[in-house]
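Below, read A as the first sequence line, B as the second, and so on, with proteins coming before strands; counting in each chain starts at 1. Predicted model, so just to flag it, every value in this text is computed and none were measured.
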Protein chains: 2
Amino acid sequence: MATLGEFIRRRREKLRESDRQYSLRQVSERVGIEPSYLSKVERDIGSPPSEETLIRIAQDLELDVDVVLALAGKVSSDLQEVIRRRPELFGQFLRDLKDLPDHAVLRLVREVRDGDW
Amino acid sequence: MATLGEFIRRRREKLRESDRQYSLRQVSERVGIEPSYLSKVERDIGSPPSEETLIRIAQDLELDVDVVLALAGKVSSDLQEVIRRRPELFGQFLRDLKDLPDHAVLRLVREVRDGDW
DNA sequence: TGTACTGTGTACTACACAATACACATCCTC
DNA sequence: GAGGATGTGTATTGTGTAGTACACAGTACA
């Protein structure tokens, strides 16, 4: 798995092949941070940006927010909120799901979506 | 719902009715923090303790760790880890479950526990 | 060939977090 | 009524977070 910095840099350079708007400076300007800071982020120097900044970066580069946050060692605050509202329920549930293979979890996902809840 | 401080204080005073070992000072000593700090925590003054400290408090008072962390606005780092390992999968899943009533989630919990996974 | 843009290095900073240290007044209880 | 235990007020602190500011060297291109 890539680091946060590698992941962002690769994506930005990919987008830049077909669109000059994706230089480090232009992205940093749209996102609202200093170019030197984005440069550091892309080289994994220092602590990763805040959740808000990571979300803006992910959006500008059309990346999955949860994946970007995960690479930064974070969990989106709205997901945390889901757990905090019912800590016993979701705490236990997640620990039960922890080691289930993807396909088993996906089966549950489909069940919830199709079911008559 | 009670605040973190109220919740801890009530529990400690309850335990203390039948066991003098649960004075603020004695709990703080077992937990490894200053009495004045625990006093502030119980009165919701300042920012809540770190995850590690909250876990030790919860264990000393025999409280559910996830509930105590939730009252402090936190989510246990091992639960966060579960999400960070598979952010797309669990991100979507949790958002799907967000508004499901308890009984429906419990049905899923039982399914996972009893099922042939 | 200069000017405009590229990414990067160094120094600095404001703020929040997670506490400690210690004195103080009050209360049991023997 | 003396000594220890109880909870609390005030001041202070070290560490990490999340950046900014700005100068600098290399590259592109017109």
Side-chain angles (χ1 to χ4, degrees), chain A residues 3-58 60-61 65 68-77 80, chain B residues 3-58 60-61 65 68-77 80:
Chain A
T3 66
L4 174 69
E6 292 165 4
F7 191 71
I8 290 175
R9 172 149 294 187
R10 272 183 210 150
R11 174 65 178 167
R12 184 177 61 76
E13 289 181 339
K14 177 104 185 181
L15 288 171
R16 203 186 160 207
E17 286 171 15
S18 55
D19 189 341
R20 313 174 215 54
Q21 305 265 57
Y22 288 93
S23 75
L24 187 149
R25 267 165 200 274
Q26 302 222 30
V27 170
S28 76
E29 182 151 3
R30 286 195 298 276
V31 167
I33 57 177
E34 288 290 308
S36 64
Y37 184 51
L38 181 54
S39 169
K40 269 171 270 183
V41 170
E42 290 192 349
R43 285 172 298 138
D44 299 300
I45 293 169
S47 51
S50 66
E51 179 175 344
E52 293 67 38
T53 299
L54 287 167
I55 289 173
R56 288 203 303 281
I57 292 172
D60 194 81
L61 301 177
V65 170
V68 170
L69 289 173
L71 287 170
K74 313 202 180 205
V75 171
S76 132
S77 54
Q80 296 201 33
Chain B
T3 66
L4 174 69
E6 291 165 5
F7 191 70
I8 289 176
R9 173 149 294 187
R10 271 184 210 146
R11 174 65 179 167
R12 186 177 59 75
E13 289 181 339
K14 177 102 183 180
L15 288 171
R16 207 188 159 207
E17 286 171 16
S18 55
D19 189 340
R20 313 175 214 54
Q21 304 266 58
Y22 287 94
S23 76
L24 186 150
R25 267 166 200 273
Q26 300 221 31
V27 170
S28 77
E29 182 152 1
R30 285 194 299 274
V31 167
I33 57 178
E34 288 290 309
S36 65
Y37 185 50
L38 180 54
S39 169
K40 267 171 270 184
V41 170
E42 290 192 350
R43 284 172 300 138
D44 299 299
I45 292 169
S47 53
S50 67
E51 179 175 344
E52 293 67 39
T53 299
L54 287 166
I55 289 173
R56 288 204 303 281
I57 291 172
D60 195 82
L61 301 178
V65 170
V68 169
L69 289 173
L71 287 171
K74 313 203 179 203
V75 171
S76 132
S77 54
Q80 296 201 33

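- As a whole-Å value, the separation of A:Asp44 CG from C:dT8 P is 12 Å.
- The interatomic distance linking B:Glu34 (CD) with D:dT6 (C1') rounds to 15 Å, in whole Å.
- Checking side-chain atoms of B:Arg30 against main-chain N and O of B:Asp60 turns up no donor-acceptor pair under 3.5 Å.
- Between B:Leu71 and B:Thr3 the shortest side-chain heavy-atom distance does not fall below 4.5 Å.
- Taking the side chain as every heavy atom from C-beta outward, A:Leu54 and A:Leu4 approach each other to under 4.5 Å.
- Rounded to whole Å, the distance from OH on B:Tyr22 to P on D:dT6 is 14 Å.
- In A:Glu29, the CD atom is not crowded: 12 or fewer heavy atoms of neighbouring residues, nucleotides or ligands sit closer than 6.0 Å.
- Two residues, B:Lys74 and A:Ser36, neighbour DNA chain C, and the one matched to the more 5' nucleotide by heavy-atom proximity is A:Ser36.
- Of all heavy-atom pairs spanning B:Asp44 and B:Glu6, the tightest one is OD2-N, 3.9 Å.
- Only B:Pro49, B:Ser50, B:Thr53, listed by number, bring a heavy atom of residues 49-56 of chain B to less than 4.0 angstrom from any atom of DNA chain C.
- Counting to the nearest Å, the P atom of D:dG7 and the CD1 atom of B:Ile8 are 14 Å from each other.
- Counting any heavy atom pair closer than 4.0 Å across all strands shown, A:Pro35 reaches a base atom.
- Closest-nucleotide positions on DNA chain D for B:Arg20 and B:Arg43 were compared, and the one nearer the 5' end corresponds to B:Arg20.
- For A:Arg12, no side-chain nitrogen or oxygen approaches OP1 or OP2 of C:dT6 to under 4.0 Å.
- For A:Tyr37 and C:dC12, the OH to C1' distance is 15 Å, given to the nearest whole Å.
- Comparing atom distances between the B:Ile33 side chain and each of D:dT8, C:dA19, C:dT8 picks out C:dA19 as nearest.
- Note: CD1 (B:Ile45) to C1' (D:dA11) measures 15 Å, nearest angstrom.
- The two residues B:Val75 and B:Gln80 have their closest heavy-atom pair at O-NE2, 3.0 Å.
- We find that CD of A:Glu42 is positioned 16 Å from C1' of C:dG9, with the value rounded to whole Å.
- When distances are taken from the side chain of B:Ser39 to each of D:dG7, D:dA23, C:dA21, the shortest belongs to D:dG7.
- Rounded to whole Å, the distance from CG on A:Leu24 to C1' on C:dG9 is 14 Å.
- Checked against D:dA18, D:dT8, C:dG7, the side chain of A:Arg16 finds its nearest nucleotide in C:dG7.
- Side-chain contact check for A:Ser39 and A:Ser36: no donor-acceptor pair (N or O, by modelled atom type) lies under 3.5 Å.
- The residue among B:Lys40 and B:Arg25 whose nearest nucleotide of DNA chain D is located toward the 5' end is B:Arg25.
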